[in-house]
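One structure is given here, and the rest of the page talks about it.
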Amino acid sequence: MSGKIGGIGARITMRIERIEISRHSLTLDPPFAAAWDSRPRRDFIADIVQVFADDGSVGIGSGDSMAGIDDYLDHFIGGDPRDIDRHFKVLDNIAFHVGRPWPLDIALWDLLGKIEGKPVYRLLGGTEGRIRTYASLGVLRTEADLAAQARRLAEAGFPAIKIRFQRPDVTDDLAALAAVRMAVGPDVQLMVDCNQGWRMPWDTQPPWTYDKARSVARELEKLGVYWMEEPLHRGDYAGMASLRSATTLMIAGGEMTRELHELRTLVERRCLDVLQPDCVLTGGITGLHRVGLYAKHNGVVFTPHTWGNGIGLMANLHLVAGLGGTPFVEFPYDPPDWTPERRDFPLALPLYPDAHGYVAVPDAPGLGLELNEELLDRTRIG
């Protein structure tokens with residue numbers, strides 16, 4: 001991908017004047033009991049990065065914690081904000097040494113779009129800004145409550161719903177899934193997130209064995225599940241490839257995979273039918289655009305993980321719209337526990353799909369987002 005995307009020939013000299021990173025915490029009352037976390041979440045943290053160009057343009061990004069990146073910001077100050085490739089290479093190096101600095105790549109793309117006067121997805125070659133979503137649930141509910149929630153979401157227009165398998169006994173998970181299928185009927189696609197690919201730091205449960213994953217897959221087949229997500233540990237390449245061959249289900253994963261080469265390996269070794277990295281966690285828009293093209297070339301569906309705030313969700317929507325051909329994109333939504341107002345608190349307007357489950361990617365320059373400056377001032381910490 002050329003560093004001169006959107007530019008032609010000789011260009012006006014520009015430079016990055018400064019980069020500001022702020023941390024914000026929204027109190028969650030009542031707490032959010034995420035299915036994958038044994039500790040109820042009492043606050044929602046957002047690190048927001050803003051890149052200021054000397055022409056007055058500002059790009060914004062957000063995602064995972066950017067702890068440790070302050071020591072490296074001088075490698076970007078004074079550089080041309082349009083030199084995306086160069087900045088990506090530096091960020092890739094930083095990611096090896098520090099963690100997940102990719103919200104800075106998101107901010108640089110937002111800035112580039114504003115400089116060029118184009119939405120990010122069009123800079124990536126996209127032509128269609130209307131993306132179909134699936135409702136991604138986050139809470140473990142009783143069979144009756146889960147079935148009622150799924151029915152409400154289907155009536156609201158969502159064409160697909162993802163539920164979580166994280167109960168102590170997988171037979172209870174299967175019973176909950178059966179109740180959902182009965183509630184929504186055969187026309188709504190159902191996905192199941194087994195959450196076996198990774199654990200929270202304090203969670204020492206072992207992942208499923210291959211035999212258990214295969215046994216669960218057989219039950220999911222009977223209920224017409226669209227895909228089975230993260231049924232095995234993220235590094236069990238042989239197990240994923242074998243399971244993929246042993247079931248008619250699509251196997252999905254890769255949401256927390258750290259390195260771009262690992263994502264390519266998942267594709268090369270035929271581990272997955274659906275690849276789900278998140279551009280605010282791995283590779284940024286720059287790196288995942290390349291991975292997405294590679295996945296599509298090899299017949300693998302590319303549809304990102306988006307469980308963060310609305311800035312990251314919108315960045316992933318632009319990425320998908322730039323690539324094209326994605327059947328569904330994750331829309332984290334499990335009211336009243338997880339709502340767009342909670343998820344998107346950094347934004348002036350929360351993101352909602354339309355009555356048919358589609359989200360419109362803005363045609364405004366950059367990501368097309370506006371920050372909720374008043375709420376960000378009130379939630380600033382550190």
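Numbering starts at 1 and runs along the sequence shown.
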Test salt bridge (charged side-chain N to carboxylate O under 4.0 Å, His left out) applied to Arg343 - qualifying residues, sequence neighbours left out: none

Same cluster (ILVMFWY, side-chain, under 4.5 Å), Leu272 and Val216: yes

Parallel, tilted or perpendicular: rings of Phe158 and Tyr333 (30°, 60°): tilted

Trp36 reachable from Leu140 in the ILVMFWY side-chain graph, under 4.5 Å edges: no

From CZ (Arg342) to CG (Asp334), nearest 0.5 Å: 11.0 Å

Arg181 side-chain N/O to Val188 backbone N/O, donor-acceptor pair under 3.5 Å: yes

Partner set under side chain to side chain donor-acceptor pair (under 3.5 Å) for Gln205, not counting sequence neighbours: Asp203

Donor-acceptor contact present, side-chain Gln166 to main-chain Arg164, <3.5 Å: no

Expected output: side-chain Thr379 to main-chain Leu375 donor-acceptor under 3.5 Å: yes

Residues that Phe328 engages under ring pair (Phe, Tyr, Trp, His ring centres under 6.0 Å), provided they are two or more places apart: Tyr226

Transitive ILVMFWY side-chain link Leu124 to Leu367, under 4.5 Å: yes

Chi angles and distances behind the salt bridge (charged side-chain N to carboxylate O under 4.0 Å, His left out) call for Arg86, Asp80: CA-CA 9 Å; Arg86 181 267 173 194; Asp80 190 327; over 6 Å; no

Distance, nearest 0.5 Å, that separates NE2 of His24 from CZ of Phe345: 7.0 Å

Sequence neighbours excluded - side-chain hydrogen bond (donor to acceptor under 3.5 Å, both in side chains) pairs with any residue from residues 294-303: Glu268-Tyr294

Salt bridge (charged side-chain N to carboxylate O under 4.0 Å, His left out) assessment of Arg167 paired with Asp172: CA-CA 7 Å; Arg167 296 166 181 82; Asp172 293 331; over 6 Å; no

Residues Thr265 and Tyr237: side-chain donor-acceptor under 3.5 angstrom: no

Within 6.0 Å of CD in Glu370, more than 12 heavy atoms from elsewhere: no

Pair Ser57, Asp55: side-chain N/O donor-acceptor within cut-off below 3.5 Å: yes

Verdict with reasoning, Phe32 to Phe44, per ring pair (Phe, Tyr, Trp, His ring centres under 6.0 Å): CA-CA 9 Å; Phe32 174 55; Phe44 183 37; 8.8 Å; no

Any donor-acceptor N or O pair under 3.5 Å, side chains Asp211, Thr209: no

Single-linkage hydrophobic cluster, 4.5 Å side-chain cutoff, Leu108 and Met14 together: yes

Check ion pair Glu374-Arg378 (N to O, under 4.0 angstrom): yes

Minimum heavy-atom distance Ala213-Met228, with the two atoms named: O-CE, 3.4 Å

Residues, nucleotides or ligands: over 12 heavy atoms within 6.0 Å of Leu349 CG: no

pair Ser38-Met200: side-chain heavy atoms closer than 4.5 Å: no

Smallest separation among heavy atoms of Val98 and Tyr72, with atom names: CG2-CE1, 3.2 Å

Ring-face cation of Arg18 near Phe52 (centre distance under 6.0 Å, axis angle within 45°): yes

Hphob cluster co-occupancy, Leu249 + Val180, side-chain heavy atoms under 4.5 angstrom: yes

Set of side chain to side chain donor-acceptor pair (under 3.5 Å) partners for Asp43, sequence neighbours left out: none

CA sep, side-chain torsions, deciding dist, call: Arg141, Asp337, salt bridge (charged side-chain N to carboxylate O under 4.0 Å, His left out): CA-CA 11 Å; Arg141 305 180 187 278; Asp337 303 80; 2.8 Å; yes

Closest heavy-atom pair and its distance - Arg132, Pro327: NE-O, 3.3 Å

Neighbour count >12 (heavy atoms, 6.0 Å) for atom NE2, His356: no

Near-ring test Tyr121/Trp109, centroid separation under 6.0 angstrom: no

Heavy-atom closest pair, residues Met191 and Ala160: CE-CB, 3.8 Å

Under-4.0 Å salt bridge between Lys222 and Glu219: yes

Any Leu243 side-chain heavy atom under 4.5 Å of Arg214 side chain: yes

Partners meeting salt bridge (charged side-chain N to carboxylate O under 4.0 Å, His left out) with Arg218 (sequence neighbours left out): none

